[in-house]
Amino acid sequence: MTPISALRWLCGALVLCLLGLVGWLFWPAPTMAVPERQADTASPMAMTATIERGRYLSVLGNCQGCHSLPGQAPYAGGTPIATPYGTVFGPNLTPSAQGLGGWSAGDFWRALHHGQAPDGRWLNPAFPYTHTTHIGRDDSDSLFAYLQTLLPNETPNRPNEMRWPYNTQAALKVWRALYFTPGQPSAAVTVQANEIERGRQLVEGLAHCSACHTPRDRLGGLISAKALSGATMPNGWYAPSLLDPQEAGVQGWALNDVVHLLRDGKSGHHTAIGPMAEVVAQSLQHWNEADLHAVAHYLIALPRQSSAPPKQASQAVTNRALGQRVYEQHCATCHGDQGQGFLLADGRVAYPPLAGNRAVTLATPANLLRIVQEGGFGLPKAGHPHPFGMPPFQMTLDDNTMAALLTYIRESWGNTGTVVQPLDIHQLNNPHGR
Ligand code: HEC
Ligand code: HEC
Ligand code: HEC
C-alpha cells in the first residue's frame with residue numbers, strides 16, 4: 001500500500017466510525033421488552049396486603065418527596081430537582097391521563113428497572129433509577145398497585161429545564177453507557193437471615209442514601225470507589241461521609257443511638273438539618289423497626305475512613321471580635337453564651353448546643369452556612385406538633401460578618417473547626433463560579 005492509499009483508507013475508516021457513532025447516538029432507543037405478568041386475581045385480602053406493602057415501599061423510597069409539592073395533592077408532580085445541568089421536575093404519578101393512568105405494571109417496571117418511559121424515552125437520572133433498578137419485580141408491582149389507588153389528578157407534567165446538550169436523548173444514551181447497568185435483583189433477604197445485607201440493599205437501593213452521600217464525577221456519575229464518603233449536593237448542602245466518625249459515621253455507636261438518629265433525626269444533641277431533616281420527616285420516621293435496625297447494623301459495620309484533612313486556612317482575614325459580637329447579639333439567646341444550647345426539663349432539645357457538635361466543625365462550613373442563612377424547624381412529631389424554630393439570617397449578615405461569626409462558632413467552647421474566610425462564603429454561595 002502506498003502512503004497515500006493508506007491515508008485514504010484511514011480517513012475512510014474514521015468517517016465510518018464517526019457515522020456509526022452519530023447513528024448510534026441518534027438512533028431511537030428500542031423499548032426494553034418487559035414481561036407482562038398475570039394481573040393479580042388473588043383474594044381481596046391479598047390485594048389489600050399488596051397495596052399496603054406498596055405504600056410502605058413508597059415510604060422507604062421517599063417517592064412522594066420528589067413527586068409532590070407542599071400544599072398540593074400527593075403525587076401530582078411538579079417538584080423541582082436541582083442538578084448541575086438544570087432543573088428536572090418530578091412527574092405526576094397518580095392514575096390519571098397526565099400521570100400513570102394508561103400504564104401497565106410492566107411499563108412501571110421498565111421505568112424503575114431500566115429508566116425508560118413506555119414510549120422508549122430514556123429518563124433523566126435525577127430520578128434515582130440507578131437505585132430503584134435494584135428492587136425486585138414483586139416490590140415494583142406492589143408499588144404500582146399502591147400508586148393506582150391514589151386519587152387521579154390532572155396536573156400536567158412540567159417540561160424539564162436542562163441546558164443543552166444535557167436535555168437530549170443522545171446525552172442520556174452516553175450517560176447510560178458510561179454509568180448504568182440494570183440491577184440484578186438479588187433475592188430479597190429476610191431481615192433475620194442477614195441484617196447487614198438487608199441494610200446494604202436499602203442504602204444502595206430503594207432508600208437511595210448513596211444518591212446524596214456518594215460523590216459524583218463531573219458528568220454526575222456516582223464514583224463507586226468512593227461510596228458513601230461524603231458529597232456536595234447541587235443545592236450547596238454537604239452530605240457528610242458515612243465512613244468517617246468525625247463526619248456522619250456511626251462506627252462504634254450503640255445500635256439504639258443509631259436507630260434514634262435515623263428515626264428521630266437526633267444524635268446526641270445534634271438535630272438533622274436541611275435535606276437530611278426532609279429524609280427523616282418524609283421517610284425514615286415512618287420506617288418499621290426491623291428496617292431501621294438493618295440500616296443501623298449496616299452503617300455501624302461500614303469501614304472507617306477519615307476524610308481529607310481540612311485545608312490550612314490563613315489566620316489573617318477573619319475578625320474574631322466581630323464574630324463574638326454578632327453571636328452574642330443574634331444567637332446566644334437561643335444557643336447559649338457558651339454554645340451549650342437549651343434543653344427542656346424532660347431532656348428534649350429546644351435549641352441544639354453548638355459546642356461539641358460535629359455538624360458545626362465539618363471540614364466544609366457549607367451546612368453551617370446553609371442553616372444560618374435559611375434557618376429551620378425541628379421535625380413536627382406526634383405530641384410535639386410545633387417544634388422550635390430558627391429564623392433565617394440570609395439578609396442580615398454580609399460575607400465578612402458571616403465569616404467572622406462562623407469562625408467564632410467553629411473555634412469556641414472547645415470546638416476545633418477551621419477558620420472561614422469571606423471568600424469561602426462567596427464561593428459557597430456561587431458554586432458555579434457565577
Ligand atoms: C430524588 C427524586 C426522586 C425520587 C426519590 C423518586 N423519583 Fe421518580 N422521578 C424523578 C424525576 C425527576 C423523574 C422524571 C425523569 C425525567 O423526566 O426524565 C421521575 C420519574 C419517575 C417515573 C417515570 C414517570 C413518567 O411519567 O415518565 C416513575 C414511574 C417514577 N419516577 C417512580 C418513582 C417511584 C416509584 C419512586 C419511589 C420508589 C420514585 N420515583 C422516587 C425523581 C424522583
Ligand atoms: C429563636 C431561637 C434561635 C436563634 C435566635 C438562633 N437559632 Fe440556631 N437553631 C435554633 C433551632 C430551634 C435549631 C434547630 C433547627 C432545626 O432542627 O432545623 C437551630 C439550629 C442551629 C444549627 C444546627 C445545629 C445542629 O445540630 O444541626 C446551627 C449551626 C445554628 N442553629 C446556629 C445559629 C446561629 C449561628 C445563630 C445566630 C446567627 C442562630 N443559630 C440563631 C434556634 C435558634
Ligand atoms: C437528599 C439527600 C440525602 C439523602 C437521600 C440522605 N441523606 Fe443523610 N445527610 C444529608 C445531609 C445534607 C446531611 C447533613 C445535614 C445534617 O447534619 O443533618 C446528612 C446527614 C446524615 C447523617 C449524620 C447525622 C448526624 O446527626 O450526624 C447520617 C448518619 C445520615 N445522613 C445517614 C443517611 C442515611 C442512612 C440515609 C438513607 C436512609 C440518608 N442519610 C439519606 C443528605 C441526605
Side-chain angles (χ1 to χ4, degrees), residues 57-58 60-67 77 79 81 88-93 99-100 103 107-108 111-112 115 117-119 121-129 131-132 135 140 143-144 147 157 159-160 172 199 202-203 206-213 233 237-240 242 247-250 258 261-262 265-280 283-284 287 295-296 298-299 326-327 329-335 341-342 349-354 357-360 362 367-368 370-372 375-379 387-391 393 396-397 405-406 409:
L57 292 167
S58 77
L60 290 182
N62 196 8
C63 316
Q64 189 170 343
C66 287
H67 287 277
T79 329
I81 320 277
V88 190
F89 296 91
N92 185 333
L93 297 187
L100 308 187
W103 288 42
D107 291 336
F108 187 77
L112 260 57
D119 59 8
R121 200 169 33 93
W122 297 122
L123 294 166
N124 188 293
F127 164 32
Y129 65 81
H131 302 261
T132 56
I135 75 177
S140 169
L143 269 164
F144 184 64
L147 291 171
N157 286 329
N160 294 334
L172 289 173
L202 283 164
V203 167
L206 195 50
H208 65 277
C209 314
S210 46
C212 292
H213 285 274
M233 298 170 55
W237 284 85
Y238 173 70
L242 294 168
E247 295 206 347
V250 293
V258 182
L261 163 59
L262 296 174
K266 301 269 195 247
S267 63
H269 295 138
H270 166 59
T271 316
I273 50 177
M276 192 62 205
E278 285 173 21
V279 173
V280 173
S283 178
L284 285 164
W287 286 29
V295 167
Y298 174 68
L299 295 179
V326 177
Y327 181 82
Q329 186 187 346
H330 290 298
C331 323
T333 38
C334 292
H335 292 287
F342 182 74
V349 179
Y351 303 123
L354 304 183
N357 183 332
R358 66 180 177 174
V360 167
L362 282 175
N367 294 353
L368 185 56
R370 288 287 176 272
I371 180 89
V372 175
F377 286 94
L379 299 174
F388 293 91
M390 162 159 161
F393 290 91
T396 335
L397 308 172
L405 170 67
L406 300 193
I409 297 171

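Being a predicted model, the structure only gives us computed values, none of them experimental. Each ligand, and each atom within it, is numbered from 1 in the order the structure gives.
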- Close side-chain approach of Leu202 to Cys209, heavy-atom, < 4.5 Å: no
- Message: Applying a heavy-atom cut-off of 4.0 Å, say which part of Asn160 lies close to ligand 1: side chain, backbone, both or neither.
- Response: side chain
- Note on the structure: Counting heavy atoms under 4.0 Å, the part of Leu406 that contacts ligand 2 is neither
- Any idea which atoms of ligand 2 are less than 4.0 Å away from a heavy-atom of Cys334? 1 (C), 2 (C), 3 (C), 4 (C), 5 (C), 43 (C)
- Leu368: numbered ligand 2 atoms lying under 4.0 Å from its heavy atoms: 29 (C)
- Message: Which option wins on minimum heavy-atom distance to atom 20 (C) of ligand 3: Arg358, His208, Met276?
- Response: Met276
- Query: Where is the nearest protein heavy atom to atom 15 (C) of ligand 3: which residue, which atom, and how far?
  - Reply: Ile273 O, 3.6 Å
- Which of the numbered atoms in ligand 1 are below 4.0 angstrom from a heavy atom of Val88? 12 (C)
- Item | Under 3.5 Å donor-acceptor, His131 side chain and Tyr129 backbone | no
- Query: Where does Leu354 meet ligand 2, judged by heavy-atom distances below 4.0 Å: at the side chain, the backbone, both, or neither?
  - Reply: side chain
- Please write down residue, atom name and distance for the protein heavy atom closest to atom 12 (C) of ligand 3. Tyr238 O, 3.5 Å
- Would you please classify the geometry between the His330 ring and the Phe393 ring as parallel, tilted or perpendicular, with 30° and 60° separating the classes? perpendicular
- Note on the structure: re atom 24 (C) of ligand 3, the protein heavy-atom contact at minimum distance is Leu261 CD1, 3.7 Å
- Task: Using a strict cut-off of 4.0 Å, indicate which atoms of ligand 2 neighbour a heavy atom of Ile409.
- Result: 35 (C)
- Considering only the protein, which heavy-atom contact is closest to atom 22 (C) of ligand 3, and what is its distance? Ala248 CB, 3.6 Å
- Task: Give the residue, atom name and distance (to 0.1 Å) of the protein heavy atom nearest atom 36 (C) of ligand 1.
- Result: Cys63 SG, 2.9 Å
- Is Gly274 in contact with ligand 3, taking contact as a heavy-atom separation below 4.0 Å? no
- Any idea which atoms of ligand 2 are less than 4.0 Å away from a heavy-atom of Cys331? 34 (C), 35 (C), 36 (C), 37 (C), 38 (C), 39 (C), 41 (C)
- Task: Measure the distances from the heavy atoms of Trp103 to every atom of ligand 1 and state whether one is below 4.0 angstrom.
- Result: yes
- Note on the structure: Nearest non-hydrogen contact to atom 35 (C) of ligand 3 from the set Leu262, Ile81, Ile371 belongs to Leu262
- Numbering the atoms of ligand 2 from 1, which are under 4.0 Å from a heavy atom of Ala350? 12 (C)
- Query: Does the N or O separation between Tyr327 and ligand 2 drop below 3.5 Å for any pair?
  - Reply: no
- Message: What protein heavy atom lies closest to atom 13 (C) of ligand 3? Include the residue and the distance to one decimal.
- Response: Pro240 CD, 3.3 Å
- What part of Leu299, side chain, backbone, both or neither, has a heavy atom within less than 4.0 angstrom of ligand 3? side chain
- Task: Name the closest protein heavy atom to atom 32 (C) of ligand 1, giving the residue it belongs to and the distance to 0.1 Å.
- Result: Leu93 CD1, 3.6 Å
- Message: Does the plane of the ring in Phe108 sit parallel, tilted or perpendicular to the ring in Phe144? Use 30° and 60° as the thresholds.
- Response: tilted
- Task: Search all heavy atoms of Thr79 against all heavy atoms of Gly65 and return the closest pair with its distance.
- Result: CG2-O, 3.6 Å
- Message: Ala359 versus ligand 3: do any nitrogen or oxygen atoms come within less than 3.5 Å of each other?
- Response: no
- Would you check, one step at a time, whether the test side-chain contact (heavy atoms from CB on, under 4.5 Å) holds for Phe89 with Ile81? CA-CA 6 Å; Phe89 296 91; Ile81 320 277; over 6 Å; no
- Looking only at protein heavy atoms, which one is nearest to atom 14 (C) of ligand 1, and how far off is it? Pro91 CD, 3.4 Å
- Pick, from Cys212, Ala207, Cys209, the option with the minimum heavy-atom distance to atom 43 (C) of ligand 3. Cys212
- Item | Subset of ligand 2 atoms that lie under 4.0 Å from at least one heavy atom of Val372 | 35 (C)
- Query: In terms of atom number and element, which parts of ligand 1 are under 4.0 angstrom from non-hydrogen atoms of Ala126?
  - Reply: 1 (C), 2 (C), 42 (C)
- Task: Kindly confirm or rule out an N or O of Asn124 lying under 3.5 angstrom from an N or O of ligand 1.
- Result: yes
- Answer with yes or no whether Pro128 contacts ligand 1, where contact means a heavy atom under 4.0 Å from a ligand atom. yes
- Item | His335 (side chain) donor-acceptor with Pro352 (main chain) under 3.5 angstrom | yes
- Item | Main-chain N/O of Gly77 paired with His67 side-chain donor or acceptor, under 3.5 Å | no
- Message: Between ligand 3 and Val258, can you find any atom pair, the residue atom being a heavy atom, that is separated by under 4.0 Å?
- Response: no
- Leu123 heavy atoms within 4.0 Å reach ligand 1 at atoms 16 (C), 18 (O), 23 (C), 27 (O)
- So which heavy atom on Ala111 is nearest to which on Trp103, and how close? CB-CZ3, 3.9 Å
- Task: Can you figure out which of Ala272, Ala239, Ser283 has its heavy atom closest to atom 11 (C) of ligand 3?
- Result: Ala239
- Query: With a cut-off of 2.8 Å, does Cys66 place any N/O/S atom under that distance from atom 8 (Fe) of ligand 1?
  - Reply: no
- Decide whether an N or O pair under 3.5 Å exists between Asn62 and ligand 1. no
- Note on the structure: Closest heavy-atom pair, Asn92 versus Asn157, reported as atoms and distance to 0.1 Å, is N-OD1, 2.7 Å
- Message: One residue to check: Ala277. Relative to ligand 2, which of side chain, backbone, both or neither has a non-hydrogen atom less than 4.0 Å away?
- Response: neither
- Query: Taking the minimum heavy-atom distance to atom 40 (N) of ligand 1, which of Gln64, Arg121, His67 ranks first?
  - Reply: His67
- Message: Any N/O/S atom from His213 (main chain or side chain) under 2.8 Å of atom 8 (Fe) of ligand 3?
- Response: yes
- Message: Closer than 4.0 Å to some heavy atom of Phe108 - which atoms of ligand 1 meet that?
- Response: 29 (C), 35 (C)
- Where on Pro352 is there a heavy atom closer than 4.0 Å to ligand 2, on the side chain, on the backbone, on both, or on neither? side chain
- Which atom pair, heavy atoms only, marks the closest approach of Leu93 to Leu147? O-CB, 4.1 Å
- For atom 10 (C) of ligand 1, the closest protein heavy atom turns out to be Phe127 CB, 3.4 Å
- Within a strict 4.5 Å, meaning less than it, do heavy atoms of the Ile135 and Leu143 side chains meet? yes
- With heavy atoms of Leu206 as the reference, note each atom of ligand 1 found under 4.0 Å away. 38 (C)
- Query: What atoms of ligand 1 come closer than 4.0 angstrom to any heavy atom of Gly61?
  - Reply: 5 (C)
- Message: Contact between ligand 3 and Leu242 is defined here as a heavy atom of the residue under 4.0 Å from a ligand atom; is it met?
- Response: yes
- Given Met390, Lys266, His330, which has its nearest heavy atom closest to atom 5 (C) of ligand 2? His330
- Query: Which protein non-hydrogen atom lies closest to atom 17 (O) of ligand 3, naming both residue and atom, and how far is it?
  - Reply: His270 NE2, 3.1 Å
- Task: May I ask you to list the atoms of ligand 2 that are less than 4.0 angstrom from any heavy atom of Gly376?
- Result: 18 (O)
- Under 3.5 Å, N or O to N or O, is His335 touching ligand 2 that way? yes
- Proximal atoms of ligand 2 relative to Asn357 (non-hydrogen, under 4.0 Å): 24 (C), 25 (C), 26 (O)
